[in-house]
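All residue numbers refer to positions in the sequence shown, counting from 1. This is a predicted model, so every value here is computed, not measured. Values below: all heavy atoms of this structure, side chains included; hydrogens, waters and symmetry mates excluded.
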Amino acid sequence: MNKSHAALLSVLFIILQSVVISCNNKHKSIQNGSIQDSVPQPKENTTTINTSNGNVNFVTAAKMVMPAVVHIKIHFNASSDYGASGSGVIISPDGFIATNNHVVENASAIDVVLPDKRTFSAKLIGRDPNTDLALIKIGASNLPIVKLGNSDIVQIGEWVLAVGFPLSLNTTVTAGIVSAKARSIGIINRPGRNAPQNNAAIEGNKAVESFIQTDAAINPGNSGGALVNTDGELIGINSAIATQTGSYAGYAFAIPVNLAKKILDDLKNFGIVKRGVLGVAFPAPSAEDQYLKQQGLNPALVNGVYITGVQKESAAAAAGLKEGDIIQSIDGIVLNSSTEFSERIARHKPGDIIKLTYQRKGTTAAVSATLHSEEVVKAEIKSDRTLEEIYNRLGATFAPVTAVIKQQFNLNAGVLVTKVLKDGFFDQAGILPGTIIAFINGKPINNPKDIDMALLSAQSGMVQILAIAPDGSKVVFNFSMGT
């Protein structure tokens with residue numbers, strides 16, 4: 001785990017480590033630009049049940065997966081010493097390996113150690129901070145891999161295994177159950193994890209978080225490792241833990257493999273991710289219920305995703321969607337949360353046609369939308385939305401933080417919230433006057449002008465605000481500006 005991650009600005013969630021796709025007897029390879037089966041899969045059920053007590057036997061699944069989960073060691077600044085380590089999963093016999101973005105981010109050199117102790121230098125093919133995924137490659141052949149499963153059919157309560165290299169130990173397997181799905185925890189693109197380097201341009205936080213939550217024990221070093229079902233199929237890529245100590249505390253989070261498939265294919269084929277964009281805004285998960293109540297709606301009766309805004313000339317606008325619509329399904333899949341919505345959109349590329357059902361003033365309708373590219377959306381936004389409009393949505397005014405306040409809270413930067421207007425985002429999220437805005441999308445905020453720049457550059461994605469409340473507690477707020 002990167003040393004810089006240990007010093008994050010105090011969110012309860014600490015990066016873990018894992019990504020995954022591998023198996024011994026069940027092979028998958030990347031062919032013709034996508035991940036495909038390359039060898040017939042065994043027909044027998046790999047889950048063994050002891051009929052005397054009903055206990056599940058994980059031995060077969062563990063044997064299938066362990067040979068294809070590797071140890072990744074990172075060098076920084078051409079140092080001969082390793083600066084961090086994590087895990088990775090072999091996804092093709094010719095050496096493509098999936099891992100987390102935060103495992104390889106800022107690496108000057110990447111070494112991969114196979115379970116058979118062979119060591120290879122790896123080439124970075126591409127990485128995606130917005131899903132915390134990365135693809136690397138080693139020069140080897142006939143490697144073991146894991147069969148990709150289907151994260152859509154994973155059920156809460158289902159047994160799972162986590163495989164990786166926690167705390168730089170050798171291959172380690174732990175077991176647990178899926179304890180939740182479509183979980184958003186606000187960890188991707190936060191300061192210290194995917195923060196802009198040097199004078200890099202500030203980008204909007206377009207993070208896609210729809211994690212599988214599990215209680216399989218995961219610790220630093222597991223990042224990039226495999227989360228598999230009892231048939232030895234990859235269902236997720238371990239990425240984070242919830243903890244107050246930096247070590248396992250009962251909750252771990254994995255990127256669903258159905259999302260990972262699309263991201264990894266794009267990284268292999270293009271080196272970047274090509275995302276389709278619908279062009280709608282909706283409340284962040286943490287503020288959704290409060291927002292609906294302030295609109296006079298009962299959250300229990302809103303079945304779907306409440307649209308708070310539609311970008312002009314976007315795919316959503318062309319399809320006739322309006323503010324106040326409730327999107328209830330995508331391609332026939334019923335939506336239960338905005339995190340599911342974000343993930344479903346993120347699986348698509350520009351030009352894809354999606355079918356939506358939505359509710360407007362109690363009437364249900366269906367429509368098709370052709371997704372735009374991020375480049376088109378950025379061009380639309382520049383001519384669409386002014387800074388004044390953005391501030392009206394935020395509903396707040398700001399002033400520089402005095403030297404006394406900086407000293408009181410031991411701050412190097414920050415901007416003070418001086419006023420909060422009724423029904424703006426700050427009001428809906430419960431951000432009070434006197435709150436100090438320390439970071440927006442990983443960028444330190446030194447003055448109100450920094451807020452202008454951060455908001456203008458984030459118009460097509462999520463705004464993530466790290467702040468210090470008037471009582472001194474440190475909090476995170478997410479504000480959606482469209483997807």
Side-chain angles (χ1 to χ4, degrees), residues 9-12 184-186 189-191 202 204-207 209 280-297 299 305-311 323-324 338 381 385-402 405-406 408-409 411 413-483:
L9 184 86
S10 76
V11 187
L12 295 182
S184 176
I185 59 175
N189 278 346
R190 73 183 183 188
I202 309 168
N205 185 354
K206 293 166 283 189
E209 291 192 355
V280 298
F282 49 88
S286 59
E288 189 169 14
D289 286 355
Q290 184 178 358
Y291 179 88
L292 293 173
K293 290 176 182 177
Q294 292 184 342
Q295 302 305 307
L297 300 171
V305 179
Y306 187 89
I307 301 306
T308 60
V310 176
Q311 295 168 359
E323 180 178 342
S338 58
I381 288 170
R385 213 180 263 162
T386 66
L387 192 59
E388 182 181 0
E389 289 177 286
I390 298 172
Y391 271 101
N392 287 339
R393 292 184 65 192
L394 287 180
T397 58
F398 307 95
V401 173
T402 65
I405 293 177
K406 285 184 178 180
Q408 178 183 351
F409 292 103
L411 295 173
V415 169
L416 188 70
V417 178
T418 57
K419 187 176 182 180
V420 174
L421 305 177
K422 185 178 180 181
D423 295 332
F425 168 72
F426 274 36
D427 181 42
Q428 296 160 11
I431 303 177
L432 302 173
T435 298
I436 299 170
I437 307 300
F439 290 87
I440 296 180
N441 289 343
K443 184 71 175 180
I445 301 301
N446 296 291
N447 53 60
K449 192 68 176 178
D450 286 343
I451 296 180
D452 296 352
M453 294 176 62
L455 294 177
L456 283 171
S457 65
Q459 293 180 45
S460 62
M462 293 287 294
V463 175
Q464 186 179 80
I465 298 173
L466 276 78
I468 299 176
D471 64 0
S473 61
K474 297 172 183 178
V475 290
V476 178
F477 301 97
N478 290 305
F479 173 40
S480 171
M481 301 192 73
T483 188

| field | Taking every non-hydrogen atom, the tightest pair across F426 and G395 | value | CB-O, 4.3 Å
| query | What distance do F439 atom CZ and D450 atom CG have between them, rounded to the nearest 0.5 Å? | reply | 11.5 Å
| query | What is the minimum heavy-atom distance between D289 and P299, and which atoms define it? | reply | OD1-CB, 3.6 Å
| Shortest non-hydrogen contact between P433 and P470, atoms and distance | O-CG, 3.6 Å
| field | F282 CZ to I307 CD1 distance, which is reported to the nearest 0.5 Å | value | 7.5 Å
| message | Show the nearest heavy-atom pair for residues E323 and G309, with the distance to one decimal. | response | CG-N, 4.2 Å
| request: May I ask you to decide if V305's main-chain N or O and S338's side chain share a donor-acceptor pair within less than 3.5 Å? | output: no
| query | When you look at V417 and I437, which way does the side-chain contact (heavy atoms from CB on, under 4.5 Å) test go after all the steps? | reply | CA-CA 7 Å; V417 178; I437 307 300; 3.9 Å; yes
| note | One should read off an interatomic distance between L416 CG and I445 CD1, to the nearest 0.5 angstrom, of 14.0 Å
| task | Please report the shortest heavy-atom distance between A399 and V415, naming the atom on each side. | result | O-CG1, 3.4 Å
